[in-house]
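Notes follow the structure.
What you see is a predicted model, and the numbers here were worked out from it, not measured in a lab. Computation of the quantities below employed the complete heavy-atom set of this structure, encompassing side-chain atoms and omitting hydrogens, waters and symmetry-equivalent molecules.
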Amino acid sequence: MGFWRVGSRRLMAAAALLALGLVGCSPKAPPRKLQVVATFLPISLFTKAVAGDCAEVSSLVPPQAGPHDFQARPADLAALQNAQVLVKNGLGIEEFLDKLIASAASPQLKVIDSSQGVVTISNEEPAGHHHEHGHDHAHDHGPVNPHIWLDPQRAAQQVTTIRDGLIAADPGCAPTYRRNTEHTVAALRQLDTEIAGQLRPYAGKTFVAFHDFAPYFAQRYGLKAEFLVDLPEQNPSPADLQRVAGIVQRSQLRALLSEPQVGARSFNALAADLGIRVSEFDGLETASPADAANPKTYFKVMRNNVSRLRESFKP
């Protein structure tokens, strides 16, 4: 009997060791990637370009919504609570954000303001930075225009700031963040050179977009940007329509530039009265889900914008 008791104990010990060995040899779950939330389309595109496979990047504002009319949901609060990093454009365009961050009450959340260090254009600067004042709407964007991403050189600054913030949050992936940023910045500089060459013959010309998103683009390429309303959700007043009609007649513009999120409806009647076309300039505030997932969308949209803008200047 003693022999069987000793044998039984040995068998049990061996089984325990075998079990431990199996546990030790089982594949480990991969470490969870850095969880990053970007506020809206251009910031999401830039962040995905920098992050590559090192982080999971989600967008707070649905790609087909845009930051001006965003309404936060409980799921958005949960997304912030689960994230380690939040990337924003800054300059007041995400006016919903401060309250949402406060409600999330997440001490682990690091906020990257991609506008840090970028030279801005005041909403009170005279045009062209070119705005003919006297229209009915106040500047609801705040003291500075926030649409910095439409200047590829400023966009390159945003990308570099995002890189630095991701490295601070996830130093183990620093080589990937640096490499991706180098490629993205090089592509933005190439885009800037390309656009400058294409628009050089039109220096000094005026174009009219639906809302006030184009001053940085206009400043970079020596153009003058006008607009019908301050924000895309506003309806133009009779004074706005009269003001734009005068600009078109003086500048001999061939097209008004609508935006994807508002369509051509607000410009159709005015364009018909003036005998000109309605074209499109995409301010990169909204996109289809497929385009929002692809960092190359920025480059595609900007090239399309330039093509349509050149057409609007031609007789």
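Within the 4.5 Å cutoff, the side chain of T176 has no heavy atoms near those of the D53 side chain. Residues D291 and K300 are in side-chain contact: their nearest non-hydrogen atoms beyond the backbone lie under 4.5 Å apart. Proximity of V37 to V87: side-chain heavy atoms (C-beta onward) are nowhere separated by under 4.5 Å. P152 places a side-chain heavy atom less than 4.5 Å from the side chain of I195. Contact annotation: the side chain of S279 never approaches that of E311 to less than 4.5 Å [non-hydrogen atoms, C-beta and beyond]. Side chains of D273 and L241 form no contact here, defined as non-hydrogen atoms less than 4.5 Å apart. At a threshold of 4.5 Å between non-hydrogen side-chain atoms, the residues K88 and S114 do not count as touching. Residues V248 and I276 have side chains in contact (heavy-atom distance under 4.5 Å, counting atoms from C-beta outward).
Atom OG1 of residue T160 and atom CG of residue L188 lie 9.0 Å apart, to the nearest 0.5 angstrom. Rounding to the nearest 0.5 Å gives a distance of 9.0 Å between CG of N304 and CD of E280. Residue C54 holds its SG atom at 8.0 Å from NZ of K33, rounded to the nearest 0.5 Å. Atom NE2 in H147 sits 9.5 Å away from atom OH in Y216 (nearest 0.5 Å). With rounding to the nearest 0.5 angstrom, the CZ atom of F207 is 11.5 Å from the OG atom of S251. Interatomic distance, M302 CE to D282 CG, rounded to the nearest 0.5 Å: 10.0 Å.
Checking side-chain atoms of R220 against main-chain N and O of R154 turns up no donor-acceptor pair under 3.5 Å. Using modelled atom types, one side-chain atom of Q108 and one backbone atom of Q81 make a donor-acceptor pair closer than 3.5 Å. A donor-acceptor pair under 3.5 Å is formed between the side chain of T193 and the backbone N or O of R189. In this structure a side-chain-to-backbone donor-acceptor pair under 3.5 Å is missing from N145 to S122. Side chain of E259 to main chain of G283: no donor-acceptor pair is present (N/O by atom type, distance under 3.5 Å, no hydrogens or angles). A donor-acceptor pair under 3.5 Å links the side-chain atoms of S237 to the main chain of D240, judged by distance alone. A distance-only check finds a donor-acceptor pair linking the side chain of S312 to the backbone of L309 [under 3.5 Å]. Counting only distance, with no hydrogens or angles, the side chain of Y298 and the backbone of L150 share no donor-acceptor pair below 3.5 Å.
Using modelled atom types, one finds no donor on one side chain facing an acceptor on the other under 3.5 Å when comparing Q84 with Q35. In summary, the side chains of T297 and N294 do not present any donor paired with an acceptor at a separation below 3.5 Å, with no hydrogens or angles considered. Judged purely by distance below 3.5 Å, without hydrogens or angles, the side chains of Q158 and R163 never pair a donor atom with an acceptor atom.
The two residues P67 and E285 have their closest heavy-atom pair at CD-OE1, 3.9 Å. Taking each heavy atom of S258 and V278 in turn, the nearest pair found is CB-CG1, 4.0 Å. Closest approach of A104 and L80 over heavy atoms only: CB-CB, 3.9 Å. Q71 and D76 make their closest contact through O-OD2, 4.2 Å (heavy atoms, listed as atom of the first residue, atom of the second, distance). For the pair A65 and T286, the tightest heavy-atom approach, listed with the atom from each and the gap, is O-CG2, 3.5 Å. A pairwise comparison of heavy atoms in L41 and A287 identifies CD2-CB, 3.6 Å as the closest pair.
Put simply, F46 and V111 are part of the same group of oily side chains (I, L, V, M, F, W, Y) that touch within less than 4.5 Å, one to the next.
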Just do the side-chain contact (heavy atoms from CB on, under 4.5 Å) check on E95 and H68 with the steps written out, would you? CA-CA 8 Å; E95 57 186 353; H68 296 290; over 6 Å; no
Between E56 and R32, does the salt bridge (Lys or Arg N to Asp or Glu O under 4.0 Å) criterion hold? Intermediate values first, please. CA-CA 9 Å; E56 290 184 8; R32 190 166 180 250; over 6 Å; no
One pair to check against side-chain contact (heavy atoms from CB on, under 4.5 Å): F210 and L228. What are the steps and the verdict? CA-CA 5 Å; F210 182 74; L228 185 60; 3.9 Å; yes
With side-chain contact (heavy atoms from CB on, under 4.5 Å) as the test, would you mind laying out the steps for R308 and F281 before giving the verdict? CA-CA 7 Å; R308 295 188 186 111; F281 194 113; over 6 Å; no
Is there a side chain to side chain donor-acceptor pair (under 3.5 Å) between Y177 and D164 once you walk through the steps? CA-CA 8 Å; Y177 298 141; D164 293 343; over 6 Å; no
CA sep, side-chain torsions, deciding dist, call: L86, I112, side-chain contact (heavy atoms from CB on, under 4.5 Å): CA-CA 6 Å; L86 171 67; I112 301 172; over 6 Å; no
Side chain to side chain donor-acceptor pair (under 3.5 Å) assessment of D192 paired with Q153: CA-CA 7 Å; D192 177 54; Q153 288 196 25; 2.8 Å; yes
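None of L97, T39, V61 except one satisfies the side-chain contact (heavy atoms from CB on, under 4.5 Å) rule with F70; the exception is V61.
Between F40 and W149, a ring centre-to-centre spacing shorter than 6.0 Å is recorded.
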